[in-house]
Amino acid sequence: MISFDGFIPDGILPIYLQIILFIKRGLIAGTVTNGDELPSRRVLSALLGVNPNTVQKAFALLEEQGLIISRTGAKSVISVTEELIGRIKEELLLTDIKNITAALKQMGLTREEAARLIEENWD
């Protein structure tokens, strides 16, 4: 069963997107693996303190993206291939890089200044 103990709402993204991102990052980190069961929608909504429709929306999108299989009356289960995990990793990394790059540009940093900051904080 996937644990959502480490789930911390960021107050920026809608919760349903944060649930999806939490699962995707777990897949990349290896803390979520193929065959893992998700809590029921009702249990997860109570655990996170959100409307059950919010969890339903996240699960529906996860299913559309091919990350989970849901069956009526049964738990939803992670169903991914290594290839899909690789695509998710690339997608998330590119999104993060684009967001960081946009923020650095907005703050007026040059490419050289940004590279220096990244280098200084790499370790």
Side-chain angles (χ1 to χ4, degrees):
M1 176 85 58
I2 297 173
S3 170
F4 280 79
D5 289 342
F7 183 86
I8 301 169
D10 68 13
I12 299 169
L13 287 176
I15 295 291
Y16 75 93
L17 290 176
Q18 291 180 57
I19 293 169
I20 293 168
L21 193 56
F22 182 82
I23 291 171
K24 286 182 174 181
R25 288 194 170 148
L27 284 165
I28 293 168
T31 56
V32 174
T33 59
N34 194 48
D36 284 352
E37 292 183 344
L38 289 127
S40 71
R41 289 151 176 78
R42 186 174 293 132
V43 167
L44 187 55
S45 67
L47 179 70
L48 301 180
V50 299
N51 188 303
N53 291 330
T54 300
V55 175
Q56 174 58 35
K57 185 172 186 175
F59 279 33
L61 289 171
L62 286 165
E63 195 163 5
E64 281 179 25
Q65 294 174 21
L67 300 176
I68 66 171
I69 295 174
S70 298
R71 293 188 182 96
T72 305
K75 298 232 181 209
S76 295
V77 177
I78 298 292
S79 178
V80 293
T81 62
E82 288 301 318
E83 180 183 330
L84 181 54
I85 293 171
R87 286 197 313 261
I88 292 167
K89 182 176 185 178
E90 186 174 330
E91 166 200 324
L92 293 181
L93 287 172
L94 285 174
T95 299
D96 287 346
I97 288 168
K98 285 178 182 180
N99 289 338
I100 290 168
T101 302
L104 292 170
K105 285 179 177 180
Q106 185 179 27
M107 288 186 265
L109 272 72
T110 65
R111 180 183 296 234
E112 292 76 21
E113 291 169 324
R116 183 181 49 77
L117 281 173
I118 291 169
E119 183 66 36
E120 287 173 1
N121 289 284
W122 188 260
D123 297 325

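All values below were derived from every heavy atom in this structure, side-chain atoms included, with hydrogens, water molecules and symmetry-related copies excluded.
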Same apolar cluster: Val43 and Leu38, side chain cutoff 4.5 Å: no
Within one Ile-Leu-Val-Met-Phe-Trp-Tyr cluster: Val55 and Ile69, side-chain cutoff 4.5 Å: no
Non-hydrogen atoms of Ile28 and Lys89 that approach each other most closely: CD1-CA, 3.3 Å
same_hphob_cluster(Leu21, Leu17) at 4.5 Å side-chain heavy-atom cutoff: yes
Separation between CD1 of Ile20 and CZ of Phe59, rounded to the nearest 0.5 Å: 10.0 Å
Side-chain heavy atoms of Lys57 within contact of Asn53, under 4.5 Å: no
Minimum-distance pair of heavy atoms, taken over all atoms of Pro9 and Gln18: CA-OE1, 3.0 Å
Nearest-0.5 Å distance that lies between atom OG in Ser45 and atom CD1 in Ile19: 9.0 Å
Side-chain donor/acceptor of Asp96 to backbone N/O of Leu93, under 3.5 Å: no
Shortest non-hydrogen contact from Ile68 toward Ser76: CD1-CB, 4.2 Å
Sole residue of Glu90, Glu83, Glu91 in salt bridge (charged side-chain N to carboxylate O under 4.0 Å, His left out) with Arg87: Glu83
Distance in Å, Ser40 OG paired with Met1 CE, rounded so as to fall on 0.5 Å steps: 7.5 Å
Residues Glu120, Arg116: salt bridge by 4.0 Å N-O rule: yes
Ile8 atom CD1, over 12 foreign heavy atoms within 6.0 Å: no
Same cluster (ILVMFWY, side-chain, under 4.5 Å), Ile118 and Ile100: no
Closest contact, heavy atoms only, Pro39 versus Phe4: CD-CE1, 3.8 Å
Donor-acceptor contact below 3.5 Å, side chain Gln56 vs main chain Arg41: no
Trace of the side-chain contact (heavy atoms from CB on, under 4.5 Å) decision for Leu44 with Leu47: CA-CA 5 Å; Leu44 187 55; Leu47 179 70; 4.1 Å; yes
Straight-line distance of Leu117 CG to Leu104 CG, nearest 0.5 Å: 7.0 Å
Hydrophobic cluster membership, Ile88 vs Leu62, 4.5 Å side-chain cutoff: yes
Between CD1 on residue Ile85 and CD on residue Glu82, distance to nearest 0.5 Å: 4.5 Å
Leu84 CG to Ile78 CD1 distance, which is reported to the nearest 0.5 Å: 10.0 Å
